[in-house]
Amino acid sequence: MNEIFQYIYNALRRRYEAGEARALAFALLEDGFGVERTAVYADKVSNFGAAEHMRLDDILSRMKNGEPLQYAIGKARFRGEFYKVNPAVLIPRPETEELVEMCTAWGKGFFEEKGRGEALRILDAGTGSGCIAISVAKELDNAAYVEAWDISEAALDVANENADLHGAQVVFKKRDILNFMPETAFDLIVSNPPYITDDERKDMEAHVLDYEPHTALFVSDHDPLLFYRALAKLAKECLAPNGMIAVETNRMFAVDVRLLFEENGLEKTKTLTDCFGNKRFVVGTCSK
């Protein structure tokens, strides 16, 4: 096996099991330095210069202390593209890619029905790194008006950088979905709000608890639907006729979220499963 790969693997084995250390070593080389796995197997990895070795050792030092790879290298993959990430924002998850697919399919259907001349207004409530809003804007060829909210200034800074990086036209605003004043109507509202209960912390990996922003992850055991009540209210007051809301949620509460949406006048509500077979998404429409 390639010498540099072995160096990385040996360093990571001080903290990780063999299989995880191996996977992380490949990911570090590919995502951090652009070295593909085939080059590692063929022992065709170019020698690292002094600057690259210094950066590599810094990344390894941070990872050995438990920092996630994505934060250590400063970026994460989402739908095949890299997004800047740091501890101010969550590391994008594969499940959220499915939420984007749902929204872009709906948006393309909107344009097919009404034509590109019709304004399509989309809101991402709780944008974090901006990966949802930016992906939707790009895949709709920046033909829709996309607005994205977050309560964190640091998160909005990251999101703005990502929008510039990807050439996406997104309007970012500092807004609290728990305390908002309706300003306009949206045809599509999408959100991946905090939904992990405090009780679930004990089952989570240390690198998540120690590094990812808790305000974007956790809700109280006593009020796990806090953000979904706010989103239901948002949909009730701001969703345009025939508009849709799509949210990611805790698999334990997906049915409760659907019922909550129905109680707030949303129609055609349903729960959808993610790629792992969990009830992960809830959608609803407005006919008012």
Side-chain angles (χ1 to χ4, degrees), residues 90 93 95-96 98-107 109-110 120-128 130 132-133 136 144-152 155 171-200 215-274 278-288:
L90 293 180
R93 266 60 173 187
E95 301 93 314
T96 307
E98 299 177 67
L99 184 63
V100 168
E101 290 172 8
M102 223 178 291
C103 293
T104 53
W106 190 90
F110 178 97
L120 169 60
R121 299 181 64 86
I122 299 172
L123 171 65
D124 175 17
T127 195
I132 294 175
V136 172
Y145 171 83
V146 181
E147 189 170 305
W149 297 354
D150 207 285
I151 196 172
S152 166
V171 177
F172 294 102
K173 294 183 179 182
K174 186 177 181 181
R175 295 285 187 276
D176 181 0
I177 63 175
L178 298 179
N179 184 24
F180 70 93
M181 293 293 291
E183 297 177 353
T184 187
F186 292 96
D187 300 291
L188 173 62
I189 297 173
V190 57
S191 185
N192 178 20
Y195 60 67
I196 300 171
T197 63
D198 286 329
D199 183 62
E200 292 177 281
T215 54
L217 284 171
F218 297 110
V219 288
S220 167
D221 295 333
H222 304 294
D223 195 5
L225 300 185
L226 172 66
F227 288 93
Y228 297 97
R229 284 200 307 277
L231 288 165
K233 179 175 182 287
L234 179 63
K236 187 175 183 178
E237 297 185 12
C238 298
L239 203 56
N242 301 312
M244 181 179 81
I245 182 170
V247 300
E248 185 172 327
T249 186
N250 190 318
R251 61 184 180 180
M252 295 189 296
F253 303 114
V255 173
D256 296 309
V257 172
R258 180 177 62 79
L259 293 174
L260 177 64
F261 280 6
E262 289 179 355
E263 290 168 5
N264 280 271
L266 290 167
E267 302 175 353
K268 298 179 182 177
T269 61
K270 56 185 176 180
T271 60
L272 300 168
T273 57
D274 62 21
N278 297 313
K279 290 182 178 179
R280 183 65 64 197
F281 312 107
V282 179
V283 299
T285 59
C286 174
S287 63
K288 65 182 178 181

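The first residue of the sequence shown is numbered 1, and numbering continues consecutively from there.
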Please examine the side chains of [Y] and [X], heavy atoms only from C-beta on, and report whether any two atoms are closer than 4.5 Å.
| X | Y | answer |
| --- | --- | --- |
| Glu95 | Arg251 | no |
| Ile132 | Thr127 | no |
| Thr197 | Phe253 | yes |
| Glu98 | Leu272 | no |
| Cys103 | Leu188 | yes |

Which pair of heavy atoms, one from [X] and one from [Y], lies closest together, and at what distance?
| X | Y | result |
| --- | --- | --- |
| Met102 | Val283 | SD-CG1, 3.7 Å |
| Leu90 | Ala216 | CD1-O, 3.6 Å |
| Asp150 | Gly128 | OD2-N, 2.8 Å |
| Tyr228 | Phe261 | O-CE1, 3.9 Å |
| Ser191 | Ala125 | OG-O, 2.7 Å |

Problem set entry | Stepwise side chain to side chain contact (heavy atoms under 4.5 Å, CB included) check, Leu123 with Leu234 | CA-CA 10 Å; Leu123 171 65; Leu234 179 63; 3.7 Å; yes

Rounded to the nearest 0.5 Å, what separation is found between the [atom1] atom of [X] and the [atom2] atom of [Y]?
| X | Y | atom1 | atom2 | value |
| --- | --- | --- | --- | --- |
| Thr96 | Asp274 | OG1 | CG | 9.5 Å |
| Leu178 | Leu231 | CG | CG | 8.5 Å |
| Phe281 | Asn192 | CZ | CG | 8.5 Å |
| Ile245 | Thr269 | CD1 | OG1 | 11.5 Å |
| Asn250 | Asp256 | CG | CG | 10.0 Å |
| Cys238 | Lys233 | SG | NZ | 8.0 Å |

For this session: Go through the steps for Arg175 and Glu183 under the test salt bridge (charged side-chain N to carboxylate O under 4.0 Å, His left out), then give the verdict.
Result: CA-CA 11 Å; Arg175 295 285 187 276; Glu183 297 177 353; 3.0 Å; yes

Please say whether more than 12 non-hydrogen atoms of neighbouring residues, nucleotides or ligands are located less than 6.0 Å from [atom1] in [X].
| X | atom1 | answer |
| --- | --- | --- |
| Arg93 | CZ | yes |
| Lys173 | NZ | yes |
| Lys279 | NZ | no |

Using modelled atom types and a 3.5 Å cut-off, is there a donor and acceptor pairing between side-chain atoms of [X] and backbone atoms of [Y]?
| X | Y | value |
| --- | --- | --- |
| Thr285 | Asn242 | no |
| Arg280 | Thr249 | yes |
| Asp221 | Asp199 | yes |

Problem set entry | Counterpart residues, salt bridge (charged side-chain N to carboxylate O under 4.0 Å, His left out), relative to Glu101 (two or more places apart) | Arg79

Problem set entry | Asp124/Val136 under side chain to side chain contact (heavy atoms under 4.5 Å, CB included): CA gap, chis, key distance, verdict | CA-CA 10 Å; Asp124 175 17; Val136 172; over 6 Å; no

Exercise. Angle class for the Trp149/Phe186 ring planes (parallel below 30°, perpendicular above 60°, tilted otherwise)?
Worked result: perpendicular

